[in-house]
J.: 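Dropping the structure in here first, questions after.
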Amino acid sequence: MTPFDPDNTPARTSSATPIILDGYGDGYGPGRPDGEPGQRQSPLLDGLNPQQLEAVEYRGPSLLIIAGAGSGKTSVLTRRIASLLETREAYPSQILAITFTNKAAAEMRERVKVLLGEGSEGMWISTFHSSCVRILRREAESAGLSSSFSIYDSADTKVTLKRIIKSLDADTYGFTPGNAAAKISKLKNELADVDSYARNANLSDPQEVMFIEIFRQYTQRLRAANALDFDDLIGETVYLFRAFPRVAATYRRRFRHILVDEYQDTNHAQYSLVRELTLPVTAELADELEATGVHVRNLREPTGGIPGASLTVVGDSDQSIYAFRGADTRNISEFERDFPGTKVILLEQNYRSTQNILSAANAVIGHNFDRKDKKLWSAGGDGEKIVGYTAYNGHDEAQFVADEIETLHGAGMAYRDMAVFYRTNAQTRALEEIFVRAAVPYRVVGGTKFYERAEIKDALAYLIAVANPDDELALRRILNTPKRGIGPATETGLGSFAEANQISFREAMRDSASLGLGQKVTGAILQLAGVLDEAALKIDPAYPGGPVNVSELLTFVLEGSGLLTVLRNSRDPQDEARAENIEELVAQTKDFNRENPDAGLVDFLTQVSLVAAADDLDDASGTVSLMTLHTAKGLEYEAVFLTGVEEGLLPHQMSANEPGGPAEERRLFYVGITRARQRLYLSLAMTRAQFGEINVAMPSRYLQEIPAALIDWKQSPGMANSRNGTQSRALNRRDGFGGGFNSTRSGFSELPPAPKPKTEWANAVTQVRDNGDLELAAGDRIRHSSFGDGRVNQVTGEGTKRVAHVQFDTAGAKKLLIKIAPIEKI
DNA sequence: TCTGGCTCTATTTTT
DNA sequence: TAGAGCCAGA
């Protein structure tokens, strides 16, 4: 989270730095007089197994660590860094470590610090995106940007594309902001730009021609706004290095050890970046660097050049879950070919989970063909069985999860050691409803992020407009926020005026008096332009008394615009929460100032743009964490609840048509399973409400892949479908876990105790209850296997989705899907 | 210019 | 279901 730590510029760090500083020449240095691997009593090497030890100590141009889930790779990576520093083979400034999230980066930095104490400052440990922003801001001029360029997130991209599509009437060709953004992103991840794409495009296809025009305008708009999108951050850095060998040489010289975590999730652009950074520096360029005062002498080979940096990558193809974002596991499978002389180390021993959990994981992932066989094993014993539960619906499932969480908590497990995973964010609704009711303390990680809230984006747009006056998107966003009477007509007028006079939108605002608008509107525009101009003065280094910090600036624009005041005085009750959010933002800027006294507005905006879902995880929070399976990668919990293990959800139906989709979904399931240390719960629901409709769900195919003996079904799919098995958890809630457990137990004895997987599943599918075209009308009396008797109030929906609204005599009002509910007419 | 009400439609994962 | 777009009326 700190892209701003005191940073050694290449020129400053270069004052020394031979690869080996101590003259021992054995690469071990004074810390290791005997030179015998494994003999030294260094806390660095404590408790490592032979493979881990080798991964820490190996020295060579390239190292590939294939690290299964839970095999201690973070530990290996941090110790490898610490070892390089401790033996004085490298200075901190020569290390570049790339992690997947800012949180992982912060953790790694912290762990290196613990291992070494002070003396680890100056390393670059950050995400791909953060590192690239840092390089691009520094080298902005070469890249043809201003160093205060804006970073567009996916929402910004979509807004921009929406305008382009509208102006081109491209929706008639089937383009939406979403699909155009996806296509552009995909191309950028392959390092294609408009021109290279257009060269190979089929220009007789009007849709293709239209796409090229969209892509071209999008590129132009970003350029004009001095903005880059997420994908540009990587791509532009690669282009920069390729176009400016001098710039590239600076970073190639600087970073001597490059380490990349989660390498299986890198895309082509990221791969290319790593390649660029690890290339050697030619003798001529080394001469050039030296001529400008950069010290290179100690790094030079006899030929006069500087060898490429050593590269360590850690990854596991089985955990590749970002193919949809361009991740390419070939980066791992072809690593040895790309980097000849690579040493490969395999870490298979798992230190996280029980053997039962690992056996389930191995069995599941074994169904993916086209993978190198790898078996995780644990020395920690079998542990508890995996618990399975088939719920009647999503709320019932949530109730099961809540009950089990309370049981675990009652047995002494802390809430923060438990997590609930799901495939789609929409699934949080039922979970949250039940958790609130059951008073389970929880936190949704990711989801609608703080910085994505409209009012926060509004406030930030003010700051962005100050930092980057060319950012038309930010200006348009705040033009009428809060309401100033500047409508779409005026906005369009300003845009046309700017275009006609070859000036920026911001300049058009300053010049709005010559647009011939009404006096009130003109006054409003000028007022806004004035506030922004004044704010810009305040962060100018030449500002009398020194420039103001971020929180002072934010306070200034909030007051100048009236944004906060309007929300506070609003009658809309939601505006109160919005005002509080903005106040929270102000508090955050104060924290930021305190933690980063030397950082400015642009640094703050960068940090905000690049937060990842997992970054706002608070380990000390004392709450259960709810998150998507994607967010869960890299994390671990004592107890994991994997919910919604149903066909259509996991695997998600959207993945069905994608090449490699079901296999990637299986890896996602595998990632989820392997997050659990002690306890794993797999749950599904027979029906799930989606878009206001109730849909029948089938158990996920992946469940059959787990050996039956590993799962203890509290309620199996077959049981849930049988008449006496259907229990509403919500109904049994008052009896607590015991009641629910016993009642399912009694049903249990009537079924085969250890169902054979295949037949069990065949049954589960054929046994789905089917009432066919059972006719029900308002006034009919029905009997439900667990709710008892009741009266039908009305019937809604059609065909298989007909729903009976029933008032039960004792169980209250329920909505039942007629096709499958365990009911009969009486 | 703004608001309210109506209809329509699209529903995955994310730096 | 909910969010967005559209239209009519103030």
Side-chain angles (χ1 to χ4, degrees), chain A residues 98-105 126-133 151-159 162 166 171 176-179 181-182 185 188-189 228-235 262 265-267 269-270 320-327 394 421-427 429-430 445-449 451-452 454 479-480 482-491 517-518 520-521 524 572 606-615 627-633 644 648-658 661 664-665 667-669 671-672 688-695:
Chain A
I98 307 277
T99 57
F100 203 68
T101 62
N102 296 300
K103 182 170 180 277
S126 59
T127 62
F128 269 109
H129 291 86
S130 300
S131 308
C132 287
V133 171
I151 300 168
Y152 278 12
D153 65 16
S154 347
D156 298 330
T157 293
K158 284 201 183 130
V159 170
K162 193 168 163 187
K166 195 163 184 191
D171 52 340
T176 63
N179 64 28
S185 172
K188 286 186 175 182
N189 286 331
L228 298 177
D229 65 22
F230 281 140
D231 302 312
D232 287 332
L233 296 178
I234 315 288
E262 308 281 11
D265 283 323
T266 52
N267 57 37
Q270 290 165 332
S320 165
I321 54 172
Y322 282 103
F324 72 93
R325 211 166 78 187
F421 300 158
Y422 38 82
R423 175 69 234 268
T424 68
N425 281 306
Q427 289 167 254
R429 203 169 304 149
V445 182
T448 311
K449 283 182 251 159
Y451 296 111
E452 284 170 5
L479 197 58
N480 198 32
K483 303 243 182 316
R484 315 185 160 85
I486 308 174
T490 311
E491 186 183 328
L517 297 159
K520 213 175 128 204
V521 178
D572 185 341
T606 304
Q607 187 188 52
V608 166
S609 305
L610 298 179
V611 289
D615 289 338
M627 68 188 83
T628 65
L629 283 163
H630 283 88
T631 304
K633 189 175 75 158
L649 213 46
L650 190 69
H652 197 278
Q653 61 196 57
M654 286 296 171
S655 72
N657 312 321
E658 288 165 18
E664 172 141 321
E665 298 283 307
R667 290 194 293 270
L668 200 50
F669 186 48
V671 165
R688 206 169 273 281
Q690 231 183 342
F691 323 128
E693 285 189 335
I694 297 165
N695 293 313

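Naming convention: chains lettered A, B, ... in sequence-line order (proteins, then strands); numbering from 1 in each chain.
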J.: Check A/A269 against A/K188 and note the closest heavy-atom contact, atom names and distance.
T.: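 Heavy atoms of A/A269 and A/K188 come nearest at CB-O, 4.2 Å.
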J.: Does A/H652 get its side chain close enough to the base of B/dT12, under 3.5 Å, for a donor-acceptor pair?
T.: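 Looking at the base of B/dT12, it does not pair with any donor or acceptor on the side chain of A/H652 (distance under 3.5 Å).
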J.: Rounding to a whole Å, what distance do you find between A/R423:CZ and B/dT12:C1'?
T.: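 Spelled out: CZ on A/R423 to C1' on B/dT12 is 5 Å.
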J.: Is there a side-chain polar atom (N or O) of A/S154 under 4.0 Å from OP1 or OP2 of B/dT15?
T.: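 Indeed not, no polar side-chain atom of A/S154 lies that close.
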J.: What is the separation between atom CG on A/L233 and atom C1' on B/dT15, rounded to the nearest whole Å?
T.: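 Checked: the CG to C1' distance equals 9 Å.
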J.: When you measure from the side-chain N and O atoms of A/S130 to the phosphate of B/dT15, is any distance below 4.0 Å, counting only OP1 and OP2?
T.: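 The answer is no; no side-chain N or O of A/S130 sits under 4.0 Å from OP1 or OP2.
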J.: Rounded to the nearest angstrom, tell me the gap between atom CG in A/L610 and atom C1' in B/dT14.
T.: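 So the two atoms are 13 Å apart, to the nearest Å.
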J.: A/N480 side chain N/O closer than 4.0 Å to the phosphate oxygens (OP1, OP2) of B/dC2?
T.: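 Indeed, a polar side-chain atom of A/N480 lies that close.
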J.: Compare side-chain N and O positions of A/T631 against OP1 and OP2 of B/dT14 and report whether any pair is under 4.0 Å apart.
T.: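 Looking at the OP1 and OP2 atoms of B/dT14, one of them is under 4.0 Å from a side-chain N or O of A/T631.
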J.: Considering just the side-chain nitrogens and oxygens of A/N425, establish if one lies under 4.0 Å of OP1 or OP2 belonging to B/dT12.
T.: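 Checking B/dT12 against A/N425, no side-chain N or O comes under 4.0 Å of OP1 or OP2.
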J.: Report yes if at least one side-chain N or O of A/N102 is closer than 4.0 Å to OP1 or OP2 of B/dT15; otherwise report no.
T.: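 Indeed not, no polar side-chain atom of A/N102 lies that close.
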J.: To the nearest angstrom, how far is A/K166 atom NZ from C/dG5 atom P?
T.: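 Whole-Å distance recorded here is 8 Å.
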